[in-house]
Amino acid sequence: MSLRFSSASNPLLLYYHAHFIPLPFSSPILQISHKPKTLSLTITASSSQPLTAQPTITPSFRTKPPHQVNILVVGSTGYIGKFVVKELCRRGFNVIAIARERSRDDAIRQFTGATVCFSDVTDPAVLERSLDSLALPIDAAVSCLASRSGGIQDSWKIDYEASRNSLAAARRHGATHFVLLSAICVQKPLLEFQRAKLKFEAELADEEAKDPTFSYSIVRPTAFFKSLGGQVETVKDGKPYVMFGDGKMCSCKPISEQDLASFIADCVVDETKAGKVLPVGGPGKALTPVEQGEMLFRLLGRDPKFVKVPISLMDFVIGVLEFLAKIFPALEDAAEFGRIGRYYAAESMLVLDEETGEYSAEQTPSYGTDTLEEFFARVAKEGMAGQELGEHSFNLQEKKSISASLEN
């Protein structure tokens with residue numbers, strides 16, 4: 001390496017301003033020659049180790065104050081998504097909420113304080129143009145996308161493809177962290193929407209493996225309060241509480257929408273939650289259907305009155321639908337809906353212990369303060385009007401149908 005300095009004055013002045021800096025060379029040889037008005041410095045070095053470029057470390061968005069952080073939320077008008085948008089806004093973040101055009105009035109009314117972008121997450125080109133038009137960098141993204149029907153094609157279109165489109169668009173606009181709202185039931189994937197969610201979860205892990213500057217958090221909640229509240233009004237009207245089997249086949253630690261939204265917001269800012277799959281339930285012990293029913297009757301001051309439906313009844317219906325679907329493909333979704341209903345009737349929404357193959361309430365983390373009993377009391381007073389649950393509502397709908405048939 002040769003360094004040449006020219007000076008109109010005495011070159012020795014350069015000496016007094018020189019600083020010696022340690023270099024990664026072994027046994028350097030220095031040769032200094034003096035010519036009029038010129039100082040020539042030659043360094044010859046042999047290095048035992050090759051020089052390597054040091055990676056540039058970009059400061060994490062988590063080091064910035066919330067008002068300087070832009071967070072993209074897809075699925076913003078869904079059951080959980082709207083609470084996530086409001087929670088992130090409450091914490092002071094700049095929220096970009098993606099909504100469908102047909103939800104315009106509702107989104108504008110609900111999401112004060114957020115930037116609402118009307119687009120289509122199922123069309124990557126449209127989504128990209130919509131984000132380009134905002135001309136805003138994205139620091140992190142949250143996906144609350146979920147199939148509303150749970151049908152086979154819809155599951156892959158939303159739970160996988162739309163989620164994938166959202167990840168790609170967020171990454172192109174600078175996002176370094178992605179929070180995915182998944183579901184605890186993907187631990188035992190027997191349904192199409194579970195397989196679609198798992199495939200996208202795997203792609204998130206692949207993205208992190210390819211790029212060390214990127215991270216993800218996968219949130220797997222247990223049952224939602226609203227998915228358990230569908231029988232409050234029917235029981236209030238004097239009808240029996242419907243459950244499958246003996247009412248003890250499954251259990252859950254349900255979580256409220258607000259507590260779940262708070263946990264998801266934590267996943268954006270808490271670096272210890274990055275690169276992890278995070279099951280989460282609400283506070284308190286795990287509850288079986290019979291315990292939920294007893295709680296409800298106690299709140300209403302009624303004597304418990306249960307109807308126990310054999311799970312084999314659902315198996316028979318599913319079998320018929322699966323047979324007919326082979327002849328009439330249009331019935332494939334109907335058969336899938338039956339399988340979804342049976343799954344929620346028989347499987348616990350708790351962490352599945354890989355060693356024992358059993359569901360474990362002890363291994364299912366609790367978060368938040370809202371309780372199911374408080375929710376039941378509120379619904380008994382205010383009702384359940386306006387609740388939309390998507391794929392989480394099938395067990396509820398099955399029970400309502402059975403309750404209606406018992407009346408007749």
Side-chain angles (χ1 to χ4, degrees), residues 78-84 86-88 90-91 142-144 146 179-188 194 197 201 216-230 232 243 247-296 298-299 343-344 346-379 387 389 391-392 395-396:
Y79 171 54
I80 298 299
K82 57 189 177 184
F83 287 93
V84 170
K86 293 174 182 177
E87 176 64 19
L88 289 171
R90 187 189 69 79
R91 296 191 185 196
V142 177
S143 174
C144 298
V179 181
L180 173 67
L181 174 60
S182 186
I184 202 166
C185 60
V186 300
Q187 302 169 111
K188 192 174 181 180
Q194 296 166 338
K197 287 181 183 293
E201 286 189 11
Y216 66 86
S217 298
I218 296 172
V219 181
R220 291 180 177 176
T222 61
F224 301 153
F225 280 3
K226 300 291 167 58
S227 65
L228 304 177
V232 176
M243 55 192 180
K248 301 177 182 178
M249 295 175 61
C250 58
S251 59
C252 64
K253 296 175 73 172
I255 187 168
S256 73
E257 63 274 10
Q258 183 55 59
D259 282 343
L260 179 55
S262 179
F263 184 81
I264 290 172
D266 288 350
C267 290
V268 174
V269 297
D270 186 352
E271 198 164 5
T272 65
K273 289 180 169 57
K276 295 179 180 178
V277 175
L278 302 161
V280 61
K285 66 185 291 288
L287 299 169
T288 63
V290 70
E291 289 173 321
Q292 297 167 31
E294 290 170 347
M295 176 190 296
L296 181 54
R298 185 173 63 253
L299 283 170
Y343 191 101
Y344 284 115
E347 301 291 338
S348 291
M349 297 296 109
L350 299 170
V351 168
L352 186 64
D353 189 311
E354 294 182 358
E355 293 185 2
T356 65
E358 301 291 331
Y359 292 105
S360 171
E362 291 73 23
Q363 294 182 36
T364 306
S366 294
Y367 181 91
T369 58
D370 297 338
T371 67
L372 183 64
E373 186 168 5
E374 293 168 343
F375 170 73
F376 278 170
R378 186 167 67 252
V379 173
Q387 299 302 325
L389 296 170
E391 76 271 12
H392 298 281
N395 190 25
L396 168 61

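Inter-residue side-chain proximity for Tyr367 and Ser262 is flagged as met; some heavy-atom pair is nearer than 4.5 Å. Contact of the Leu299 side chain with the Val232 side chain is not registered, since no non-hydrogen atoms from C-beta on lie closer than 4.5 Å.
Note: Ser143 OG to Ile264 CD1 = 9.5 Å, rounded to the nearest 0.5 Å. Expressed to the nearest 0.5 Å, how far CD of Glu291 lies from CG of Leu372 amounts to 11.0 Å. Here the CD atom belonging to Glu358 is positioned 11.5 Å from the CD atom belonging to Gln363, to the nearest 0.5 angstrom. To the nearest 0.5 Å, atoms CD (Glu257) and NZ (Lys82) are separated by 8.0 Å. The CD1 atom of Ile255 sits 11.5 Å away from the OG1 atom of Thr364 when rounded to the nearest 0.5 Å.
Considering all non-hydrogen atoms of both residues, Ser217 and Ala274 come closest at OG-CA, 3.7 Å. Shown here for Leu181 and Lys197, the closest heavy-atom pair between the two residues is O-NZ, 4.2 Å. Closest approach of Phe376 to Gln292, counting heavy atoms only: CE1-O, 3.7 Å. Annotation for Leu350 and Ile184: closest pair C-CD1, 3.5 Å, computed over non-hydrogen atoms. Residues Ala286 and Ala361 share a closest heavy-atom pair of CB-CB, 3.8 Å.
Taking the six-membered ring where tryptophan is involved, the planes of Phe375 and Phe225 are tilted, since the angle between them lies from 30° to 60°.
Side-chain contact of Glu347 with Tyr359: a donor-acceptor pair under 3.5 Å is present, judged by distance alone. There is no side-chain donor-acceptor pair under 3.5 Å between Glu354 and Gln187.
Between Glu87 and Arg91 a salt bridge is recorded (basic side-chain N to carboxylate O distance below 4.0 Å).
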